[in-house]
Protein chains: 2
Amino acid sequence: MRHLLPYKYIEEIAKAGSIRKAAESLAITPSALNRRLLTIEDELGVQIFERLAVGVRLNTAGEILLEHIRNQMSDMARVQSQIADLSGQRRGNVSIAASPELLGSFLASEVRKYQSEFPGVTFKVQQKFRGDVERALIEHDADIGIVYEPVKLADFQTIYNIVQPVYCIMDQSHPLAKKQKLRLYECAEYPLILTERSWGVRNLLEQSAIRLGINLRAVIQTDARGFLINYERENDQLSFDIQINIPDNLEERGMVAVPINPLDVPEGFIFVGHLKGRTIPVASARFLEQVTTEMAGRFG
Amino acid sequence: MRHLLPYKYIEEIAKAGSIRKAAESLAITPSALNRRLLTIEDELGVQIFERLAVGVRLNTAGEILLEHIRNQMSDMARVQSQIADLSGQRRGNVSIAASPELLGSFLASEVRKYQSEFPGVTFKVQQKFRGDVERALIEHDADIGIVYEPVKLADFQTIYNIVQPVYCIMDQSHPLAKKQKLRLYECAEYPLILTERSWGVRNLLEQSAIRLGINLRAVIQTDARGFLINYERENDQLSFDIQINIPDNLEERGMVAVPINPLDVPEGFIFVGHLKGRTIPVASARFLEQVTTEMAGRFG
DNA sequence: AAGAGTGGTGCATTTTTTGCACCACCCTTG
DNA sequence: CAAGGGTGGTGCAAAAAATGCACCACTCTT
């Protein structure tokens, strides 16, 4: 698609903030790039960038144009995807922005399943925290968004959503391991392994703790999955996760997951969808379908 | 916008049905045009046109691409319009597809009013019958649609609608001229001037006539406005029109308009709007606003 | 005051596009 | 059946457009 090369150039200049830097990453001369920009501005009749001493910056007209460019480029990708799908081949790139809670095991196995059927499709999976998923969609950095406990959904087109209770994960020998349901104050008596506050699970826990007047002591604060679901958890530490992120072989590892009473910690929501008003490429749409079907089958 | 020249070429080839004809209307060599097409198909990886002995025809992939092209081109027009509007200037072209009932006096005066304020804006007004307005929008042949008694509204985004009763127009000396309301059978006793059946008014009349078992005798069947509202109507002929299309100076012309009992002929609807899912250019949006405000003021 | 960064420009070179002439093909028409 | 007018496709030379290089003017930091 050589004819939307100018678009790519503009986008790169906007991102780099300077013609020279953009030229470098585009592997052309600053001179050539500069002239292309001038030509575009001339055709458009207005400046797109304001010239500063340290580089260039998009002005309002440029913002409008850039939004159009991003729409246009991903719409073109969709068209190519649809056309390729006509001839039976399924190609393209599925770009996903997902909360870390989804990346533990669920999404990986879904991608594996899809790719075994359509090897021509590539994937790009980005970990984004609650509020950042929607932004990734707006900036056309991702086609599909999967969020646990989203901050807002103004530009989010929800295709499917599902409740996900919070589980407490511990060693089989833990005093709480035999319970059917846990109260939050019971957990709070043990040393906790917690994630950063940007995680949806942590957020739910914190809010509940405040409401109930409980203090959560984090002996380890980490985002590394290895700590949250540990092979050899020697002590009485507890960690938390949502249902979908708990691996199947948890028991083999000598561990158990016990649900927390939803009256203490309310169940969170997983939202699956894409940018409002967009038609996403065929491969992405099919993958979305597969994911929602799988979710509905397992938790619906 | 030179970079979307290829789009223009494809659209023209599709419209002309032959590379040579398209080349002629694009004022370039068939050879050059052919090569551009081949390049595009090569970049896309698929054929866009099937080659026939008498020319070329879009295949399915081409249909998908063409839809994208049309969206892209009118979206670009919108972006340019928005950018121009930033600097205070209002430019652009307002393209309207409207039922003939609206073209008598209403739209002309609205256009005049708008252009006196924004001389930089040009207009394109197309007369389309009931079912054709929506098609014009779908093919991006028009930004704004105004229909009296539309056939369907599947892809139509209604911004405003209003009821419009049918009036009977006659000379002041006509026996029916003094009535406050007319029954349809009263009209049927006189010679009628009717439009083609594709008009919304005619359609309403015909359906009512069938329902009531009345026979409408058209002594003149014409679409010419001069006949419908005639300066010197010598005989007792009657014509019909809707409220908005009746000129202000009807009385000066020695004529009167008497409403028909809505129990006989139901009131029709005028729908004002644009293609669903589209953001129309600034100038078009403002004009739409003006039209709906005017309608609401006069008939709301 | 020096230096490193920025965007802009004249000119020769390279790359791309175009026009011309022509080919092979198909269908209509005489 | 043959001729003729239409179609899309292609080799080659000319024209046009884009690029790279060297350099300028400028601003801000050091």
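Predicted, not measured: the structure shown is a model, and the values here were computed from it.
Computed from coordinates, the A:Leu52 CG to D:dT27 P distance equals 13 Å when rounded to whole Å. The distance from atom CZ of A:Phe49 to atom C1' of C:dG7 is 13 Å, rounded to the nearest whole Å. At whole-Å resolution of the value, CD1 in B:Ile40 and C1' in C:dT17 are 13 Å apart. In this structure, B:Arg36 places its CZ atom 7 Å from P of C:dT17, rounding to the nearest Å. Here C:dT6 presents its C1' atom at 14 Å from CD of A:Glu24, a figure rounded to the nearest Å.
Classification of the A:Trp199-A:Phe129 ring pair by plane angle, with boundaries at 30° and 60°, yields tilted.
The existence of a salt bridge linking B:Asp143 and B:Arg278 is confirmed by a sub-4.0 Å separation between a basic side-chain nitrogen and an acidic carboxylate oxygen. For B:Asp155 and B:Lys276, the salt-bridge test fails: no basic side-chain N is under 4.0 Å from an acidic carboxylate O. Taking 4.0 Å as the cut-off between side-chain N and carboxylate O, A:Arg70 and A:Glu139 do not count as a salt-bridged pair. With salt bridges taken as basic N to acidic carboxylate O contacts below 4.0 Å, none links A:Arg130 and A:Glu149. Between A:Glu110 and A:Lys113 there is a salt bridge, with a side-chain nitrogen of the basic residue lying less than 4.0 Å from a carboxylate oxygen of the acidic one.
Under 4.0 angstrom from either OP1 or OP2 of C:dT15 there lies no side-chain N or O belonging to A:Arg2.
Counted by atom type alone, A:Arg35 and A:Ser31 present one or more donor-acceptor pairs between their side chains at under 3.5 Å.
Contacts between residues 3-13 of chain A and DNA chain D, defined by a heavy-atom separation below 4.0 Å, involve no residue at all.
The ring-ring contact (aromatic ring centres under 6.0 Å, His included) search around A:Tyr114 returns A:Phe118, A:Phe123, A:Phe287, not counting sequence neighbours.
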Every protein N/O lying under 3.5 Å from an N/O of nucleotides 9-13 of chain D:
residue	atom	partner	partner atom	Å
D:dG9	OP1	B:Arg51	NE	3.0
D:dG9	OP1	B:Arg51	NH2	3.4
D:dG9	OP2	B:Asn34	OD1	2.4
D:dG11	O6	B:Arg35	NH2	3.0

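Projected onto DNA chain D by closest heavy-atom contact, A:Thr29 and A:Ala53 fall at different nucleotides, the more 5' of which corresponds to A:Thr29.
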